[in-house]
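The figures here come from the full heavy-atom set of this structure, side chains too, leaving out hydrogens, waters and symmetry mates.
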Amino acid sequence: MPSDLDQLLDMGFDKTRAEIAVKKSGGPNTKRNAVQGALQWLEDNQDKSIEDIQAEAAAKAADDAEDEDDTKAQIAELETGTAKSLVCNECGKKFRTPDLASFHASKTEHTDFSESTEEIAPLTEDEKKVRLEELRERLVAKRAKQSVQDKEDQKRNEQIRQKSTKESQEAKEELQRKEQIKEAARKRQEKLDDAEAKKRIKLKIEADKAERKRKAEEAKAAREGRAPEVAAAEPAAAAAPPKPKANANEARLRLQTPNGNIMKTLPAETTLFELAQAVESETGTTVTSFSTTFPRQTFQGDIDMSKTLKEAGLVPNAALIVK
């Protein structure tokens with residue numbers, strides 16, 4: 001399984017930034033949301049240069065180390081009871097122990113030290129106890145502060161993970177919903193195609209039967225030496241054609257939108273979801289529901305939107321209010 005750093009590098013991030021981001025998010029492969037925390041850190045610090053980020057990290061690390069080292073050095077001095085006196089010739093500051101002088105040198109880069117003839121008065125036992133207590137409390141407070149910061153970082157990373165999980169789940173559900181609608185439309189189309197195929201086969205069989213009957217009738221008339229009889233249905237064909245019926249395979253719709261009325265003629269098997277997409281592409285506004293005034297009904301939600309115009313009772317014509 002690729003590490004968090006490998007995943008970030010595969011996404012195209014700079015290696016140096018990616019390494020820092022992994023450290024900031026809790027270290028490589030420590031938990032599942034480390035990558036999310038690293039991505040959040042990269043987004044928050046995208047405008048900073050590598051030099052600025054490294055300088056800030058080095059300064060913070062140095063300050064933390066100096067504070068703790070200083071405190072520990074003073075505790076060691078008080079616990080051992082040594083009272084040697086050293087002086088920094090560059091700034092004049094005096095120190096009881098070589099440890100304190102060394103710490104001062106590392107912090108200030110001063111190098112000129114010498115022994116002082118002045119002896120720094122040692123602390124009394126009571127002063128020493130008070131000072132030790134203060135220093136130990138400082139260490140405890142610093143560690144408690146770091147613990148709080150670690151908890152806040154963990155909480156923030158968890159929030160990032162939860163947000164990412166929620167968005168991913170919502171996108172997955174939306175994709176599933178669309179797939180279900182497409183699958184329902186596909187099955188309806190398959191049924192229509194099957195019905196049309198059966199209808200064509202039935203008509204072909206009936207035509208073949210009529211043709212065979214006609215030929216048999218002609219053969220019989222020829223044997224009997226008479227003219228074949230005219231089919232009884234022929235006079236009826238000369239009658240006036242019946243009044244055409246409304247086309248049940250399409251729907252004429254008048255759509256009342258906030259931008260005005262739209263007239264559309266669509267196949268009866270068009271779904272309300274497909275109608276909503278057509279209206280959205282034409283008007284630029286999101287469609288959440290369709291409603292009719294008589295009979296009063298509203299179509300909304302996944303179940304209603306997966307219905308065809310025929311199933312919704314909108315064939316052969318209807319007026320819809322779009323919202």
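With Thr271 as the fixed residue, the side chain to side chain contact (heavy atoms under 4.5 Å, CB included) test singles out one of Arg188, Lys307, Met305: Arg188. Each of Val140, Leu139, Leu132 was scored for a side chain to side chain contact (heavy atoms under 4.5 Å, CB included) with Arg136, with one residue passing: Leu132. In summary, of the residues considered (Lys191, Glu196, Gln189), a side chain to side chain contact (heavy atoms under 4.5 Å, CB included) with Asp193 occurs for Gln189 alone.
Of all heavy-atom pairs between Ala18 and Leu9, the closest is CB-CD2, 4.3 Å.
For the 3.5 Å distance criterion, the side chains of Ser102 and Asp99 fail to qualify, holding no donor opposite an acceptor. Side chain to side chain, Gln149 and Asp153 meet the donor-acceptor criterion of an N or O pair below 3.5 Å. Side-chain atoms of Gln36 and Gln40 form no donor-acceptor pair, as typed in the model, at a separation below 3.5 Å. Side-chain atoms of Ser49 and Asp52 form a donor-acceptor pair, as typed in the model, at a separation below 3.5 Å.
By the 6.0 Å contact criterion, CZ on Arg186 is enclosed, its count of non-hydrogen atoms from other residues, nucleotides or ligands being greater than 12.
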| task | Decide yes or no on side-chain contact (heavy atoms from CB on, under 4.5 Å) for Cys91 and His110, but give the supporting numbers first. | result | CA-CA 8 Å; Cys91 65; His110 293 174; 3.8 Å; yes
| message | Apply side-chain hydrogen bond (donor to acceptor under 3.5 Å, both in side chains) to residues Gln180 and Gln176 and explain how you reach the verdict. | response | CA-CA 6 Å; Gln180 289 172 353; Gln176 289 177 344; 5.6 Å; no
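With hydrogens and angles disregarded, a donor-acceptor distance shorter than 3.5 Å links the side chain of Thr288 to the backbone of Lys323.
Under the 30°/60° scheme for interplanar angles, the aromatic rings of Phe113 and His104 are found to stand perpendicular.
Every residue meeting the side-chain contact (heavy atoms from CB on, under 4.5 Å) condition with Asn259, not counting sequence neighbours, appears here in chain and number order: Thr257, Thr283, Thr285.
A salt bridge does not link Lys129 with Asp126: none of the charged nitrogens is closer than 4.0 Å to a carboxylate oxygen. Checked for salt-bridge contact, Asp194 and Lys198 miss the test: no charged N lies under 4.0 Å from a carboxylate O.
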